[in-house]
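One structure is given here, and the rest of the page talks about it.
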Amino acid sequence: MRTSTPFIESTVDALEQVRLTSPLVHCITNSVVVNFTANALLAVGAAPAMVDIVGEAGPFATVASGLLINLGTPTPEQRAAMIEAQAGAASGNTPWVLDPVAIGSLPVRTPLAYRLRDLHPTVVRGNASEIIALSGMGAGGRGVDALDSVEAALPAARSLAETTSGVVAVSGAVDLLTDGARVMRIANGDALLTRITGGGCALGAVMAAFLAAHDDRLAATVAAVTVYTVAAELAAEKSGGPGSFGVAFLDALAAVDADDIAARASIS
Ligand SMILES: Nc1ncnc2c1ncn2[C@@H]1O[C@H](COP(=O)(O)OP(=O)(O)O)[C@@H](O)[C@H]1O
Ligand SMILES: Cc1ncsc1CCOP(=O)(O)O
Ligand SMILES: [Mg+2]
């Protein structure tokens, strides 16, 4: 696969920036993955803060370096905090990531996801079925899992990028990213990421960290996916299964460096 050298350079720069500046990442995320997400952010060099209550989420989003809104277990308090946080992010010019976990048929989170979509997330990140559902072109997946292929989600991703004027990232064996005009594919990662919970959710948080480290939104998102999926490859080589992979993945997020990126990144 052809590898895009400018994107490798911007990926290495963004990783260095994340480690130098330790961006403060405000997370409103689901109760399944909250600890794993905080550990993934710490491992890559960012500073997590899980601020998901009304009265705090708005002001915090104003001053944070990046914000993640993840719809995985959207309690009433979290739902109100998400709306408050989005407004805070808008007033503070804070980049924000929307992860529309398991939308489609679920009757509470789906309209909330549409409402947030229309508030122009900097990045939407999801699996193929979530992206198709958020675009209005399909019914969603099987719970948190995709039923559609990544390539089948390309028209939905393009349409969604036009709606949001932002970046859309579809995860899977080959990740697909678009800003509506450009389409990038990243063929790194390991299937063990789908055998631990939070493999997708923590990626959304890492994207929020990288958005704080690079001005070009597409390049920042490419950098986050590349660092994350190359780290997964390094971890998989040292793992005997999902349990040891989860631990090795945190070690690899902390250790992955410019040489690993140059040797392994498959960006086209
Ligand atoms: N078959 C696979 N091979 C390699 N990497 C994968 C595979 N499936 C998913 N990934 C990676 O796992 C991470 C989470 O993606 P995914 O499982 O699609 O998200 P979600 O958990 O939201 O459904 C992404 O970084 C993606 O690149
Ligand atoms: C299992 C589960 N149920 C509600 S949220 C969640 C976590 C989903 O995590 P990911 O999308 O990263 O696999
Ligand atoms: Mg997910």
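Along the sequence shown, residues are numbered consecutively beginning with 1. Note that ligands are numbered from 1 as they come in the structure, with each ligand's atoms numbered from 1 the same way.
No continuous path of hydrophobic side-chain contacts links Val225 to Leu154 [ILVMFWY only; heavy atoms under 4.5 Å]. Residues Leu119 and Leu134 fall within the same hydrophobic cluster, defined by Ile, Leu, Val, Met, Phe, Trp and Tyr side chains chained together at heavy-atom separations under 4.5 Å. Val25 and Leu15 fall within a single hydrophobic cluster, where Ile, Leu, Val, Met, Phe, Trp and Tyr side chains are chained together by heavy-atom contacts under 4.5 Å.
If you check which protein heavy atom lies closest to atom 11 (C) of ligand 1, you get Leu193 CD1, 3.6 Å. Annotation: atom 13 (O) of ligand 2 to nearest protein heavy atom, Gly198 N, 3.9 Å. For atom 3 (N) of ligand 1, the closest non-hydrogen atom on the protein side is Ala191 N, 3.5 Å. The closest protein non-hydrogen atom to atom 8 (N) of ligand 1 is Thr194 CG2, 3.3 Å. Ranking the protein heavy atoms by distance from atom 2 (C) of ligand 1 puts Ala173 CA, 3.5 Å first. The closest protein non-hydrogen atom to atom 8 (C) of ligand 2 is Cys201 SG, 3.8 Å. For atom 3 (N) of ligand 2, the nearest non-hydrogen atom of the protein is Val144 CG1, 3.7 Å. When hydrogens are left out, the protein atom nearest atom 21 (O) of ligand 1 is Gly200 N, 3.3 Å; that is the closest non-hydrogen contact. Among all protein heavy atoms, the one lying closest to atom 4 (C) of ligand 2 is Gly72 O, 3.5 Å.
In this structure, Tyr228 has its ring center at least 6.0 angstrom away from the ring center of Phe210.
Asp215 CG: 12 or fewer foreign heavy atoms inside a 6.0 Å radius.
The closest approach between a heavy atom of Ala146 and any atom of ligand 1 is not below 4.0 Å.
Put simply, CG on Leu218 and OG on Ser10 are 9.0 Å apart, with the number rounded to the nearest 0.5 Å.
For ligand 1 and Thr229, the ligand atoms under 4.0 Å from any heavy atom of the residue are 25 (O), 27 (O). Every atom of ligand 1 is numbered from 1 in the order shown, and the set under 4.0 Å from a heavy atom of Tyr228 is 25 (O). For ligand 1, the atoms sitting less than 4.0 Å from at least one non-hydrogen atom of Leu203 are 24 (C), 25 (O), numbered in the order shown with element in parentheses. Numbered from 1 in the order shown, with element, the atoms of ligand 2 that lie under 4.0 Å from a heavy atom of Gly199 read 12 (O). Taking every heavy atom of Gly200 and a limit of under 4.0 angstrom, the matching atoms of ligand 2 come to 12 (O). If you number the atoms of ligand 1 from 1 as listed, the ones under 4.0 Å from a heavy atom of Gly199 come out as 13 (C), 14 (C). Each of the atoms 23 (O) of ligand 1 lies under 4.0 Å from some heavy atom of Val144.
Between Arg125 and ligand 1, an N or O atom pair is found at a separation short of 3.5 Å. Inclusion of Asn127 in the set of residues having an N or O under 3.5 Å from an N or O of ligand 1 is warranted. Of the N or O atoms in Gly172, one or more lie within a sub-3.5 Å distance of an N or O in ligand 1. Taking only nitrogen or oxygen atoms, main chain and side chain alike, Val101 does not reach within less than 3.5 Å of ligand 2.
Of the candidates Gly189, Ser171, Ala169, Ala236, the one placing a heavy atom closest to atom 15 (O) of ligand 1 is Ser171. Checking Ile196, Asp175, Val150, Thr226 against atom 24 (C) of ligand 1, the nearest heavy atom belongs to Asp175.
Looking only at atom types and distance, the side chain of Asp148 has a donor-acceptor partner in the side chain of Ser129 under 3.5 Å away.
Residue-level proximity to ligand 2 for Thr197 is carried by the side chain, the only part with a heavy atom below 4.0 angstrom. For Val101, no heavy-atom contact with ligand 1 is shorter than 4.0 Å. For Asp190, every heavy-atom contact with ligand 1 shorter than 4.0 Å involves the backbone, none the side chain.
Residues Arg264 and Glu237 are paired through a salt bridge, judged by an N-O separation under 4.0 Å between the basic side chain and the carboxylate. The pair Arg195-Asp190 fails the salt-bridge criterion, with no side-chain N (NZ, NE, NH1 or NH2) lying under 4.0 Å from an Asp/Glu carboxylate O. Between Arg185 and Glu151 there is a salt bridge, with a side-chain nitrogen of the basic residue lying less than 4.0 Å from a carboxylate oxygen of the acidic one.
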Steps toward side chain to side chain contact (heavy atoms under 4.5 Å, CB included) verdict (Glu77, Asp52): CA-CA 8 Å; Glu77 172 100 25; Asp52 62 356; over 6 Å; no
Given Ile267 and Thr226, is the side chain to side chain contact (heavy atoms under 4.5 Å, CB included) satisfied, shown in steps? CA-CA 8 Å; Ile267 307 169; Thr226 303; 3.7 Å; yes
After noting the C-alpha distance and the side-chain angles of Leu211 and Val123, does the key distance pass the side chain to side chain contact (heavy atoms under 4.5 Å, CB included) rule? CA-CA 9 Å; Leu211 286 168; Val123 175; 3.7 Å; yes
Check against side chain to side chain contact (heavy atoms under 4.5 Å, CB included), Asn35 and Asn39: CA-CA 6 Å; Asn35 180 266; Asn39 278 332; 3.2 Å; yes
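Between Pro95 and Thr122, the closest heavy-atom pair is CA-OG1, 3.4 Å.
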